[in-house]
Structure formats: structure tokens, C-alpha cells
Novice: 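Here it is, the structure, as C-alpha cells.
Lettering follows sequence order; numbering is per chain, from 1. Please read these numbers as outputs of a predicted model, since none were measured by experiment.
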There are 2 protein chains.
Amino acid sequence: MNKQPKYRQVADALRREIDNGAYPPGARLPSESELSARFAASRNTVRSGLNLLVTEGLISSSQGLGYEVRSHEVFKLNASRFENLSFPQNGDAYSTDVTNAGRRPHQTFRVEMLPAPEEIAAWLKVEAGAKAVLRFCHRYVDDVPWSTQATYYPGWLVEQAPRLAEPGDIAEGTTRYLADHGISQIGYFDEIATRMPTPEEARLLEIGAGVPVLLWTRTGYSDEKPIRCTITTFRGDLNRMNYEIGDLAGRNEDL
Amino acid sequence: MNKQPKYRQVADALRREIDNGAYPPGARLPSESELSARFAASRNTVRSGLNLLVTEGLISSSQGLGYEVRSHEVFKLNASRFENLSFPQNGDAYSTDVTNAGRRPHQTFRVEMLPAPEEIAAWLKVEAGAKAVLRFCHRYVDDVPWSTQATYYPGWLVEQAPRLAEPGDIAEGTTRYLADHGISQIGYFDEIATRMPTPEEARLLEIGAGVPVLLWTRTGYSDEKPIRCTITTFRGDLNRMNYEIGDLAGRNEDL
DNA sequence: TAGTGGTCTAGACCACCTC
DNA sequence: AGGTGGTCTAGACCACTAC
């Protein structure tokens, strides 16, 4: 018999009860001292067990309130349809999507000139440290922090499309603005990764322990070379990404 | 001044030193008692700080050995080229990919008949609990657990392609086998999500705290309806996914 | 055997929330 | 005021690894 440490027994028992529905999403767990009595363990041991469930993303805690079972509501982003030039959108694709879902979008925005970080330079196929423009969005849905989006444009492109470097929104959307200047994106290369948030990301997205981030890096190509690289950082618990490949012809409307 | 708790100061100081390269990937951190002296904190406080870094995926620990800075080596899977029927592969696409990368693939395999779980049934557009076949792979690369892959086929399909339900590999590959029986996949619908692993997943993939999983759900469509649903569970620290959209014509060879 | 991390306890004090 | 979780300590014993 493989005896588990007591704090794991606590975590396993509570996890089972959560899975069973004994504590449905949004419900409060018994207090630490109650659990301490129930499991005949010290408060610290119970805390270790609860902490396990927190880092698994199952529950969250707040001072003075207690532990609560997390509820998940996910937003699905169809990355293969997003910003499709064949179906041009007016303005920002994100706002459109969120509004269509009956939610209220909100975002803060800033523009920076900076030397391209190494990773970005590799995507844009320019030298590390070369001039680049960063357009940065911090996005909320119904006032919940949802994602951050950093788009980098290579310096050479800015000479052809100077408004990229100007602060403030581009009303018709940057994709449309570039297309109007003869620079159209004919393809994308996407990379999707996941990891735990850095403290900075945890702060911006207001996520605690147990919630990973989903990183979406999209590099847009013109006929000849990369013209932009967009890194979107999502809260992993609230977002999923979809891609359609081949001829699906709307067989997936309800998904 | 916003005073941080001591265990956070410990975590922040060590994180900074790791980021600086003072402790490069693979390096060992000082022992808990050394850190305890350095930070004038009790061993438990130091442990809280170290535990933060563990749940961030930055370091890992093992009994008797100490704490070690994690190193990351990622495998990129091109999901938009994977299993492309225009470029038919002999046998298993996964083994081919891994071998091409100069690594040694290894997998265990099993087949089950079972009632379709609710989520799967939704993808396959059959009733929950309807008969389904599960073909399950547990995959390793150089003996490191890499991913699990569960493919579900609807019961009605098995009547046309009975070998799906037989245990043991299908030498020519299931996609090819189905195509030879007049059932060809004309499109896919992919969904990508991330979360912390369940204890079961953590066991199969041998991941500790601080490493999320990447969930890739691919539903394959024939001309008329879904014919399979594949859920691949990756270690998030070792895998990234790529998609090409539009006409890239090999502009990305080196990525 | 010595040193490492892993588990567990008992108790103290603090910060936050609700009433 | 009373209950909740958050932080911290000091010390005990165990399990694993190295030599």
C-alpha cells in the first residue's frame, strides 16, 4: 500500500468532492479550522493541501472570505477566420468579436519605438536591436482583464506607413491601413505556447496561482517578407483558440 | 512603500538571479539552510518562496538533491501540415516527425470500446453515451513522456471500417486505412486550450507543479459529418504548435 | 554518515471582511 | 468583535542521495 502524505489526502478528498459536485463552481469550502478538525491535521497541513488545489486551478482564496471553487466560462477565438481580408472588418476585429458575443469590450493602448528584442527580430527577420514599433493593447471584457496584445512592426515598414508610429488608434484598423498603402498580408504563421505567467503578466491579467497563460504569436507576411509580429497573452482559464483547416463549409456553426 | 512578505522577497531575489543568468538552466540553487541564513528567515519561509518559483515553472526540486533551474527545449508541431493527405505519410505521422528531428520515438497503445463521454459526443455529433471506439497512445521522446493522444471514432463508422476496433496498430495508418474504405477527411476543426494537469495527467506525463498542459482537440470531417475526434495532451513546457494560414510557400523553413 | 528536501506540528501575530 | 485566510517561527522526524 502506497501511503500518501496527509496533505495529499486532504487535497484528494476535496478534489473528489468538487468533481462530484458536492461543491459546485462558486461554492465556498469549509474554513481551514473546520477542515483541520475534519482531517485531524494541523492548520498548516490543511493549508498545504488547499494550496495544491489552488495551484491546480481548481479553487481560489481571498483573505477574510475563504476558499471558493473556480467557475470557468471560456471565450473561443477562431484564429483562422480572425482578420480575414476576404471579409474585411471595420476597425478592430477584437471589439467586433466581443460585442457580437454580447459582452462589453474595453482597452487601453500605447505606442512605443524600441529596438527589436531578440525573439521578435527572429520572427520579423531583421537584426536584433533594429528599430521597431510596438503597438500595445491591454484588453478587458466586462471589466475583467482578458489579454494583452503586443504588435511589432519592423522599422523599414514605418517609413512606408508612418501612422504606425503615431500614438492613438488607427480608425480603419491597421490591417486595412496597410492594405491601403499597398502592403497586404497574404499569409500568417501562428505559434501557440503555454506556460505559467511571469509576475508582470499575473499582475496585468489579474491571475493568481494555478492559471497558465496561452501565448499566441502571429507573424503576418506580405508577398515578400514578414511585416508584423503580434504576441497575444491570454488568461488560459478564459480562452480557447480554434482553427479550421480544409473545407468545412460551416459544418461547425454551433461550436 | 509597499512591503512585500519575506517569502516573496526570497522568491523575487532568486527569480532575478535566475533571469540574470547567475543560475543558468540546469544549475543548482543553494540549499534551504543556506538560503535560510542568507535571508535571515526560517526554513519554512524560504520553502514558501522556493515553492512559488516551482509553481511558476522556473525551478524543480528533488529529495536529497536540491533545487535545480529548469531548462526548456521545445518541440514544434506544425498542425496545419500534420497528416496532410496531399502528402501522404506511411504509417504514423508522429513517429516520422520525431525521427526527422533526430530523436527516438516510443509509444504504448491500447484500444477500447466505450460509451462516448459528453464532450466527445458533442464533437462527433452523436448522442452522449453512444457507442464509440477509443484508440489511445502514450508517447515518449528519448524516453521522456511527451504526450498522450486519445482518438475517438463514432460507432457507426466502425461498421464500415472494422479494424478500427481491433487492438493493435494499423500498419498503413488509420487515416490511410479510412481513405481506402472510401472515408476521406476533407477538413479539420482544431481547438487549443491550456490548464493545469489533473493528477492523472501529471502522473502520465511526469510533470510536477508549475507545468501546464496544452490540449489539442482535432475533429476530422468527411464530406458529411465528423468521423473522429483526437485529443492530444502535451507537456506545455516541451511543446508548441504552429499553423500556417494563407500562402506562405515555405517562407518559414527555418522556423 | 552527512546533507538534502519532504512532512507535520503548535502556536503566534497580522490583514481583511462581515456584522 | 469575531471569523477568515496570510505570514512566520522553531523544532521534530522522515526519505532520499551522495560519498
Novice: To the nearest Å, how far apart are A/L65 CG and C/dA15 P?
Specialist: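 In whole Å, C/dA15 P lies 17 Å from A/L65 CG.
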Novice: Round to a whole Å and report the spacing from CG of A/L52 to C1' of C/dG6.
Specialist: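 Between C1' of C/dG6 and CG of A/L52: 13 Å.
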Novice: Return the value, rounded to whole Å, for the distance between atom CZ of B/R47 and atom C1' of D/dT9.
Specialist: 15 Å
Novice: Regarding A/R70 and A/E56, does a basic nitrogen lie under 4.0 Å from an acidic carboxylate oxygen?
Specialist: no
Novice: Under 6.0 Å from the six-membered ring centre of B/Y153 and within 45° of its axis: does the NZ or CZ of B/R228 meet both?
Specialist: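 No, B/R228 does not lie over the aromatic ring of B/Y153.
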Novice: Given atom CD of B/Q63 and atom P of C/dG5, what is their separation to the nearest angstrom?
Specialist: 10 Å
Novice: Tell me: CD of B/Q4 to P of D/dG6, nearest whole Å?
Specialist: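 In whole Å, D/dG6 P and B/Q4 CD are 15 Å from each other.
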Novice: So, B/N51 side chain and B/R47 main chain: donor-acceptor pair closer than 3.5 Å or not?
Specialist: no
Novice: For the pair B/E112 and B/R110, find out whether any cationic side-chain nitrogen is under 4.0 Å from an anionic carboxylate oxygen.
Specialist: yes
Novice: Within the structure shown, what part of the strands sits under 4.0 Å from A/S48 by heavy-atom distance: base, sugar-phosphate, or nothing?
Specialist: nothing
Novice: Scan residues 28-46 of chain A against DNA chain C and write down, sorted by residue number, each residue with any heavy atom closer than 4.0 Å; if none is found, say none.
Specialist: A/A40, A/A41, A/S42, A/R43, A/N44, A/T45
Novice: Test your reading of the model: is there a side-chain donor-acceptor pair from A/R16 to the backbone of A/A11, 3.5 Å cut-off?
Specialist: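 Not a single qualifying donor-acceptor pair exists.
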Novice: Within less than 4.0 Å of OP1 or OP2 of C/dG6, is there a side-chain N or O belonging to B/Y67?
Specialist: yes
Novice: Send over the distance from B/K6 NZ to C/dC13 C1', rounded to a whole Å.
Specialist: 14 Å
Novice: Checking side-chain polar atoms at under 3.5 Å, does B/E191 have a donor or acceptor matched by the opposite partner on A/Y243?
Specialist: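 Absent: no donor and acceptor within the cut-off.
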Novice: Would you say A/S61 reaches D/dG6's phosphate, i.e. side-chain N/O to OP1/OP2 under 4.0 Å?
Specialist: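 Answer is yes, contact under 4.0 Å.
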